[in-house]
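Working notes for the structure below.
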Amino acid sequence: MTQFESTDIFCRVIDNFGDAGVCWRLAWRLLALGVKRIRFITDHPEVLAKLAPDAEKLARVVPWDSFALEAEKPDFDPADLVIETFGCRLPESYDEALARKRARAIAAGLKPPFYFNLDYLSAEDWVEESHNITGLHPRLDLPKLWFFPGFTERTGGLLIEDDYESARQSFMPGKKDFLASLNADPERATLFVFCYPVNRVETLARGLALSDKPWNVLIAPGEAGDRLAGLLTTIDAEGNRIRAVRTSFLPQTEFDRLLWASDAGIIRGEDSFVRAQLAGLPFLWSTYPTEDHAHRVKLDAWLDKFVPGLPEPLAERYRKTSVEWLEGELSPEGFRDFLEFAPALKPSLVEWQKKLLSRGDLARHMLQRARSAL
Ligand code: TRH
């Protein structure tokens, strides 16, 4: 049980689905841990509606601008637990109302509201130094705690449902039926592809054509998927060796099935990257592309943590393939090789998954941290 009666989660969508995807997964986890009354304040409710068509049943979804106006009213009551995500900067009116609520609670000897900024995921070392640090507001008496997801004990961990592993295991006996329901061939190996337009899907198409076994390719919606599907039709219109399956955009609660049903994957961003690791899926990671090339730094930092768990020469091969894929330098032969060595990654991925599960859930860590300050 929690001592927090109400929670406000603030989510600005920069682009794509990851911002809302992570925020909604957090909301969902907090509800599962007993948090009551979530307001989900977002500037793009339509993105959330795609990820979670039933969001309104679980939380009050409020458009950002109208909420900022609501927060100006004298009787406005901010939540007990407040979560800014990815440094999205809350409306000034809200911060002011929150500072007033805090002052009143302290004056009355009551617990003040707790205020987080939950940041992006990165495996970079500096994250440990910045995690769990309180920042001060430039003008108001309003401390805010910086919380970082991550892969090590000195970070907040990842969002993981308590029954994640049992849900995965109960799905597995029905895996073939699921593939058949997508119109994939249940007897083939399956590749899942979810990447950015900048990634060279041509390499995937040509590499698949070089493989000596037949594949299903589950292609997530988007520009890169459109291109890949077109290329695969040119290479194998009948689907004899490569069966291309365009998946519809599934609700987030069903997204894992695509990963569980696959033998290898191309995944992207933050949330699908985490889910692929929990699934123990051999993957190449398309980090979110940025002009300053931070995407390469992110990939290297994660490889530095994961790759030492792999035996040689697999470790070197996986690192090289991952980097070449991200940099657009992977050859079709290199991708064909990845498809071949992907199963050999599995034991290390299972160990890695166990480590992540044992680190425990980010939402639980946030609640524990907030409660310990009460
Ligand atoms: O959509 P993304 O590219 O999001 C990115 C990253 O989060 C990045 O860090 C951030 O800076 C940028 O957005 C703005 O990839 P990501 O993080 O994997 O999010 C995709 C979400 O969409 C994830 O929650 C899974 C979900 N999803 C579904 O629910 N159904 C689907 O069918 C598919 C393909 C995805």
Side-chain angles (χ1 to χ4, degrees), residues 9-29 40 42-44 46-55 85-88 117-124 127 148-151 158-161 164 178 181-182 184 190-199 201 217-226 228-229 245-262 265-279 281 283-299 301-302 326 362-363:
I9 299 177
F10 288 83
C11 167
R12 270 196 197 278
V13 173
I14 307 297
D15 61 8
N16 301 321
F17 299 102
D19 305 289
V22 172
C23 294
W24 184 249
R25 213 179 271 292
L26 172 68
W28 211 43
R29 282 300 301 142
F40 192 94
T42 178
D43 57 348
H44 283 276
E46 76 290 355
V47 177
L48 179 66
K50 239 184 137 174
L51 288 156
D54 61 349
T85 55
F86 314 132
C88 68
N117 175 57
L118 177 66
D119 227 299
Y120 283 115
L121 172 67
S122 175
E124 289 163 84
V127 167
F148 281 79
F151 302 95
L158 303 171
L159 290 168
I160 309 173
E161 303 84 276
Y164 175 82
F178 175 71
S181 76
L182 296 176
T190 299
L191 172 74
F192 172 66
V193 181
F194 181 42
C195 62
Y196 295 109
V198 73
N199 301 126
V201 291
V217 187
L218 306 184
I219 306 174
E223 199 184 317
D226 292 344
L228 178 60
V245 176
R246 308 296 308 271
T247 60
S248 52
F249 196 91
L250 299 184
Q252 196 185 45
T253 43
E254 291 171 31
F255 175 69
D256 285 332
R257 297 178 190 193
L258 297 169
L259 307 173
W260 294 338
S262 297
I266 302 290
I267 47 88
R268 78 183 204 191
E270 175 164 331
D271 191 56
S272 58
F273 165 58
V274 169
R275 302 311 281 187
Q277 290 170 75
L278 296 178
L281 179 73
F283 64 83
L284 298 177
W285 181 24
S286 305
T287 45
Y288 180 71
T290 55
E291 276 178 12
D292 59 1
H293 228 68
H295 49 283
R296 175 63 192 276
V297 176
K298 276 202 163 188
L299 174 68
W302 181 76
L326 188 72
L362 172 71

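Numbering starts at 1 and runs along the sequence shown. On a predicted model such as this, the values are computed, not experimentally measured, just so you know. Both ligands and their constituent atoms are indexed starting at 1 by order of listing. Side-chain atoms are counted along with the backbone in the values below, which use heavy atoms only and exclude waters and symmetry mates.
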Could you say whether the N/O atoms of Phe273 and ligand 1 ever approach to under 3.5 Å? no
Kindly confirm or rule out an N or O of Arg25 lying under 3.5 angstrom from an N or O of ligand 1. no
Show which atoms of ligand 1 fall inside a sub-4.0 Å distance from at least one heavy-atom site of [X].
X: Gly21; result: 24 (O)
X: Ala220; result: 34 (C)
X: Asp19; result: 14 (C)

Option nearest [atom] (shortest heavy-atom distance, choices [options]):
atom: atom 23 (C) of ligand 1; options: Asp271, Asp256, Leu121; value: Asp271
atom: atom 31 (C) of ligand 1; options: Phe194, Phe249, Trp24, Tyr288; value: Phe249
atom: atom 28 (C) of ligand 1; options: Val193, Asp15, Leu250; value: Leu250
atom: atom 19 (O) of ligand 1; options: Cys23, Gly269, Gly18, Gly222; value: Gly18

Residue pair Asp19, Glu270: steps toward the side-chain contact (heavy atoms from CB on, under 4.5 Å) verdict: CA-CA 9 Å; Asp19 305 289; Glu270 175 164 331; over 6 Å; no
SB check Glu254 Arg275 (cutoff 4.0 Å): no
Contact partition for [X] relative to ligand 1, non-hydrogen atoms under 4.0 Å:
X: Phe255; result: side chain
X: Phe17; result: both
X: Leu51; result: side chain

Closest non-hydrogen protein atom to [atom], residue and atom name please, with distance?
atom: atom 9 (O) of ligand 1; value: Glu270 CB, 3.8 Å
atom: atom 18 (O) of ligand 1; value: Ser272 OG, 2.6 Å
atom: atom 2 (P) of ligand 1; value: Arg268 NE, 3.5 Å
atom: atom 3 (O) of ligand 1; value: Tyr196 OH, 2.5 Å

Locate the shortest heavy-atom distance separating Lys298 from Ser122; write the atom from each residue and the value. CE-CB, 4.0 Å
What pair of heavy atoms forms the shortest contact from Asn16 to Val13, and how long is it? O-CG1, 3.7 Å
Which of Leu159, Val127, Val274 passes side chain to side chain contact (heavy atoms under 4.5 Å, CB included) with Leu121? It is Val274
Distance only, no hydrogens: is a donor on one side chain within 3.5 Å (strictly under) of an acceptor on the other, for Tyr288 and Asp15? yes
Decide if the gap between the ring center of Phe283 and the ring center of Trp302 is smaller than 6.0 angstrom. yes
Would you say the ring centers of Trp260 and Phe178 fall short of 6.0 Å from each other? no
Leu182 and Leu258: side-chain contact (heavy atoms from CB on, under 4.5 Å), yes or no, with the steps? CA-CA 10 Å; Leu182 296 176; Leu258 297 169; 4.2 Å; yes
After noting the C-alpha distance and the side-chain angles of Thr253 and Asp54, does the key distance pass the side-chain contact (heavy atoms from CB on, under 4.5 Å) rule? CA-CA 11 Å; Thr253 43; Asp54 61 349; over 6 Å; no
